[in-house]
Engineer: 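I'd like to ask some things about the structure below.
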Amino acid sequence: MKKLLTVLLACAMLLGLAACGGDNGGQQANNGGGTDGEKKETLVMATNAEFPPYEYWENNAIVGIDAEVAAAIADKLGMELRIDDMAFDSTLVALQSGQADIVMAGMTVTPDRQENVNFSEPYAEGHQVIIVTEDSEIASSDDLAGKKIGVQQNTTGDIYTTDDFGDEAIQRFNRGADAVMALSNGSVQAVVIDLEPAKAFVAANEGLKILETEYATEEYAIAINKNDTELLDKVNAALQELKDDGTLQQIVDRYIPAE
Ligand code: ARG
């Protein structure tokens with residue numbers, strides 16, 4: 001009974017990756033001592049799949065730029081990719097506790113984060129922008145003083161606006177989409193969030209616009225545990241190849257059509 005349960009659990013973990021019960025059953029749940037060769041090690045990516053077009057759920061799968069770049073990197077490393085979805089502020093915790101090998105989450109390189117984790121070379125430029133209602137009197141970040149600002153918890157949008165306007169001005173949400181909903185129903189007057197998800201959220205909601213003047217420019221990179229310098233080197237090498245051969249740009253172009 002216990003064994004059956006274990007097998008079922010392993011199958012559940014592998015759902016969608018492979019059929020269970022064959023001679024390959026349980027392939028990459030762990031890499032413990034197989035003799036049948038061919039077993040690929042698993043590269044575990046932690047993310048928060050509430051961030052289109054970088055990572056989001058579609059047809060029961062996590063897709064997006066980060067998901068595809070990670071798959072291409074895993075491929076180069078001869079590894080099998082597994083993506084674990086969690087709250088944004090749990091991703092670095094998962095990394096530091098060894099539950100994940102990399103974090104790809106449209107994650108901005110910041111000096112504070114660099115104290116705790118290593119970052120790969122950047123793979124994209126990020127922009128913090130301001131979303132307001134179409135009829136809003138807010139025209140730039142200067143007008144945010146005295147307003148209620150919605151952010152996704154622990155993102156750079158949260159960190160910068162908290163610095164600039166104080167804790168009382170900020171309302172934090174688990175998902176960027178929830179912050180945007182709060183803007184639509186008037187409980188916050190602005191949302192500060194990354195440009196590409198902002199575009200997706202504004203497209204999905206009536207009556208919102210993105211201000212022309214942006215709040216900050218930043219860089220996205222892959223976070224890796226400080227102890228894992230070998231993986232950092234391998235990931236950087238793979239990333240460089242994907243940049244050089246145009247794969248990275250192709251992936252980006254598929255998700256962010258030129259305007
Ligand atoms: N770039 C911002 C940051 O690093 C927001 C990232 C949010 N990512 C996500 N997958 N929810 O703080």
Side-chain angles (χ1 to χ4, degrees), residues 44-58 61-71 73 81-96 99-131 141 149-165 167 170-183 188 190-202 204 210 214-224 251-252 255-256:
V44 181
M45 159 179 156
T47 196
N48 169 245
E50 303 284 353
F51 200 69
Y54 289 94
E55 45 267 328
Y56 56 101
W57 285 92
E58 193 176 80
I62 296 172
V63 298
I65 295 170
D66 289 345
E68 291 206 25
V69 171
I73 289 173
L81 179 67
R82 188 182 92 208
I83 304 180
D84 286 354
D85 187 16
M86 60 192 76
F88 181 69
D89 36 3
S90 301
T91 56
L92 290 183
V93 179
L95 190 66
Q96 287 181 271
Q99 279 160 288
D101 302 307
I102 63 171
V103 173
M104 273 191 95
M107 182 165 283
T108 304
V109 181
T110 73
D112 279 350
R113 290 173 183 163
Q114 278 173 314
E115 280 181 21
N116 299 312
V117 298
N118 281 333
F119 280 99
S120 70
E121 293 301 318
Y123 64 90
E125 198 174 85
H127 306 270
Q128 294 298 312
V129 296
I130 305 167
I131 311 176
S141 57
I149 305 164
V151 296
Q152 185 183 17
Q153 171 134 340
N154 270 3
T155 60
T156 46
D158 179 3
I159 297 161
Y160 305 154
T161 54
T162 303
D163 265 5
D164 290 347
F165 301 102
D167 210 44
I170 311 306
Q171 196 162 335
R172 302 185 174 86
F173 298 86
N174 278 327
R175 309 179 323 138
D178 295 337
V180 173
M181 216 185 292
L183 175 62
V188 302
V191 167
V192 174
I193 197 162
D194 302 57
L195 172 63
E196 293 303 332
K199 285 189 201 162
F201 295 144
V202 165
I210 300 171
E214 63 186 54
Y215 201 82
T217 302
E218 40 191 28
E219 280 178 327
Y220 294 167
I222 304 167
I224 298 176
I251 295 172
V252 171
Y255 285 93
I256 307 178

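When a ligand or atom number is given, it counts from 1 through the structure's own listing order. Every value quoted in this text rests on a predicted model; they were computed, and no experiment measured them.
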Engineer: Centre-to-centre under 6.0 Å for Tyr220 and Tyr54, is that the case here?
Structural biologist: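 Tyr220 vs Tyr54: aromatic centres under 6.0 Å.
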Engineer: Looking at Arg82 and Asp101, is there a salt bridge between them, counting it only when a charged N and a carboxylate O are closer than 4.0 Å?
Structural biologist: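 So Asp101 does not pair with Arg82 through a salt bridge.
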Engineer: Search all heavy atoms of Phe119 against all heavy atoms of Thr108 and return the closest pair with its distance.
Structural biologist: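 Smallest heavy-atom distance, with atoms named: CZ-O, 3.8 Å.
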Engineer: Measure across Ala198 and Ile193 and return the closest heavy-atom pair with its distance rounded to 0.1 Å.
Structural biologist: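 Of all heavy-atom pairs spanning Ala198 and Ile193, the closest is CB-CG2, 3.7 Å.
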Engineer: Is Asn174 atom CG crowded by more than 12 heavy atoms from other residues, nucleotides or ligands, each under 6.0 Å away?
Structural biologist: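 Incorrect, the count does not exceed 12.
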Engineer: Under 30°, 30 to 60°, or over 60°: which ring-plane class applies to Tyr215 and Tyr160, parallel, tilted or perpendicular?
Structural biologist: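 If you compare the ring of Tyr215 with that of Tyr160, the planes turn out parallel.
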Engineer: Do any nitrogen or oxygen atoms of ligand 1 lie under 3.5 Å from a protein nitrogen or oxygen, and which ones?
Structural biologist:
unit_1   : atom_1 : unit_2 : atom_2 : d
ligand 1 : 1 (N)  : Gly106 : O      : 2.8
ligand 1 : 1 (N)  : Thr108 : OG1    : 2.7
ligand 1 : 1 (N)  : Asp194 : OD2    : 2.7
ligand 1 : 4 (O)  : Thr108 : N      : 2.8
ligand 1 : 4 (O)  : Thr108 : OG1    : 3.2
ligand 1 : 4 (O)  : Arg113 : NH1    : 2.8
ligand 1 : 8 (N)  : Ala105 : O      : 2.7
ligand 1 : 10 (N) : Asn48  : O      : 2.9
ligand 1 : 10 (N) : Glu55  : OE2    : 3.1
ligand 1 : 10 (N) : Ala105 : O      : 3.3
ligand 1 : 11 (N) : Asn48  : OD1    : 2.8
ligand 1 : 11 (N) : Gln152 : OE1    : 3.1
ligand 1 : 12 (O) : Arg113 : NH1    : 3.4
ligand 1 : 12 (O) : Arg113 : NH2    : 2.9
ligand 1 : 12 (O) : Thr156 : N      : 2.7

